[in-house]
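As structure tokens, the structure follows; a few thoughts come after it.
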Amino acid sequence: MVLEKEIQQLKSKIAHYELIIHELSAPIITSLIEDAILVPITGTISPSRLESIRTRVLDYFAEHQDMNCAVVDFTGVETNDLSQLSCNVFASEIGQLNATLKWMGIRPIFVGFHPQLARQIVQANIHVEIETYSNLKTALPLLVNSNENDGEQCEKSIECNRKVTIR
């Protein structure tokens, strides 16, 4: 009986730690720009982690319908952190997140892709149309400009946005 109780306590601890890991796998920072979130991604990326990130971001927007922009920052991801994924799978996952957010009326922005990763995706002839910037610092002025215009995409902000088709 004592052993069963100890096993149950350990299972409870494991469930608690799994929840913590899930929450830390895609932290959501809301104080950057009004109506926008920042999702900094670091470390190893796997298909299950990408699914977890997508679920967490979509769940957040379902609960916070006043938000209208998601900045997903891959600055902390090196090419060796993607060793569990092919370029096709990674690009597909990014494309799915991008499309789903757009369907929800959310502006998805991706920043910080490592140059080697970008090169591999282009060399693999993969097509994904996403709004991307080299880093968060580059994207911030556009977000501030969009926010000052009450979230409307005025002609100036559209001209400044870089829509990239990865081929």
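Nothing here was measured: the structure is a model prediction, and the numbers come from that model. The figures that follow rest on heavy atoms only: side chains count, while hydrogens, waters and symmetry mates do not.
Inspection of the S86 and N88 side chains reveals no N or O donor paired with an N or O acceptor under 3.5 Å. Between the side chains of Q8 and S12, no donor N or O sits under 3.5 Å from an acceptor N or O.
Atoms CZ and NZ, on R107 and K102 in that order, are 10.5 Å from each other to the nearest 0.5 Å. We find the CD1-CD1 distance between I37 and I29 to be 9.5 Å, quoted to the nearest 0.5 Å. Of the inter-residue distances, the one linking E131 atom CD with L142 atom CG reads 7.5 Å to the nearest 0.5 angstrom. Taken from CD1 in I94 to CD1 in I45, the straight-line distance is 8.0 Å, to the nearest 0.5 Å. Rounding to the nearest 0.5 angstrom, the gap separating the CG atom in L101 from the CG atom in N68 is 11.5 Å.
Smallest separation of non-hydrogen atoms from V77 and I41: CG2-O, 3.5 Å. Residues L143 and C69 approach most closely at CD2-SG, 3.3 Å, considering heavy atoms.
More than 12 heavy atoms of other residues, nucleotides or ligands shown are found within 6.0 angstrom of CD on Q9.
Ring orientation note: the planes of F74 and F113 are close to parallel, at an angle under 30° on the 30°/60° scale.
A donor-acceptor distance shorter than 3.5 angstrom exists from the side chain of R49 to the backbone of T44, with no hydrogens or angles considered. A donor-acceptor pair is defined here as one N or O able to donate and one able to accept, closer than 3.5 Å; such a pair exists between the side chain of H114 and the backbone of Q116.
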